[in-house]
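Note that ligands are numbered from 1 as they come in the structure, with each ligand's atoms numbered from 1 the same way. For reference, positions follow the sequence shown, starting with 1.
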Amino acid sequence: MRVDIISIFPEYFAPLELSLIGKARTTGLLDVAVHDLRTWTSDVHRTVDDTPYGGGPGMVMRPEPWGQALDAVGEGTLIVPSPVGRPFTQADAHELAELDHLIFACGRYEGIDQRVIDDAAARMPVREVSLGDYVLFGGEVAVIVIMEAIVRLLPGVLGNADSLTEESHAAGLLESPVYTKPASWRSREVPEILRSGDHGKIARWRRDQSLLRTASRRPDMMAVYPADNLDKKDRKA
Ligand SMILES: Nc1nc2cc(Br)ccc2s1
């Protein structure tokens, strides 16, 4: 997978050298290039923003540098983190992990001139995505989060691929509580069933805990959890 990131703060992406993303890069699973948007400015002050047409607070990112930057990195799927984007989900991460070329555009100020998005959409898929109902200083932090969600799904990145099937949101539910040694800690015991060795009962306990946790914390997810899944899995256990 090739990833191009365009930002006025390329140094934000030093963390992408670390941990599993760093490993994916050294093993050739991932090729990441970070570009400074100011590369494509032509004035002495390397200006990337200007006042908004129609008035209002703040500044808007100028279209010219963005147009030239997107031309330079070529075609792929353009991802624009934005407070006005569609919610980014685990399903999106899986879809994007299948693609060959991702391009991330990091907005700042009040955002990027809309014509940049419209011009790109005329020649490649564009996704404006939101990470939540809050506003950041810019898209850089969101790109790091999205990159981690995608890269961990790439074949060979996570040692134990099984963890991908059991994790939260993978099966449309939140993951059940996890425990490890010691069996007793500050007079708090690990649930006995997890030490029973009865894998059928353990699977049932975990799914029940997932259902309880999801119903309590994310009723919105329960609303779309396939009802027949409940019946089918209930019957098996
Ligand atoms: N939640 C988010 N806030 C922002 C702000 C800017 Br400016 C650019 C992208 C994003 S994504």
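- Residue contacts with ligand 1: Gly111 is excluded, as none of its non-hydrogen atoms falls under 4.0 Å.
- Under the side chain to side chain contact (heavy atoms under 4.5 Å, CB included) test applied with His101, the options Asp31, Leu78, Asp4 reduce to a single match, Asp4.
- The closest approach between Val135 and ligand 1 falls below 4.0 Å for a heavy atom of the residue.
- The protein atom (non-hydrogen) at minimum distance from atom 7 (Br) of ligand 1 is Tyr109 O, 3.2 Å.
- In this structure the side chain of Gln114 reaches within 4.5 angstrom of the side chain of Ile117, judged on heavy atoms.
- Residue contact check for ligand 1: Ser130 places no non-hydrogen atom closer than 4.0 Å to it.
- Residues Leu194 and Tyr179 have side chains in contact (heavy-atom distance under 4.5 Å, counting atoms from C-beta outward).
- A donor-acceptor pair is defined here as one N or O able to donate and one able to accept, closer than 3.5 Å; no such pair exists between the side chain of Arg152 and the backbone of Leu158.
- Proximity of Arg108 to ligand 1, defined as any heavy-atom pair under 4.0 Å, is confined to the backbone N, CA, C and O atoms.
- Of all protein heavy atoms, the one closest to atom 10 (C) of ligand 1 is Pro83 CD, 3.6 Å.
- Nearest protein heavy-atom neighbour of atom 9 (C) of ligand 1: Pro81 O, 3.2 Å.
- If you check which protein heavy atom lies closest to atom 6 (C) of ligand 1, you get Gly138 CA, 3.5 Å.
- Residues Glu75 and Ile103 have side chains not in contact (no heavy-atom distance under 4.5 Å, counting atoms from C-beta outward).
- Using a 4.0 Å cut-off to heavy atoms of Phe137, the atoms of ligand 1 that qualify are 7 (Br).
- Looking at Trp40 and His35, their side chains come closer than 4.5 Å, going by heavy atoms from C-beta outward.
- Checked against a 3.5 angstrom limit, the closest N/O atoms of Leu136 and ligand 1 fall inside it.
- When only interatomic distances are considered, the shortest N/O to N/O separation between Tyr134 and ligand 1 falls below 3.5 Å.
- Residues Val48 and Thr41 meet the side-chain proximity criterion, which asks for heavy atoms closer than 4.5 Å.
- Here Arg204 does not pair with Asp198 in a salt bridge; the nearest charged N to carboxylate O distance is not below 4.0 Å.
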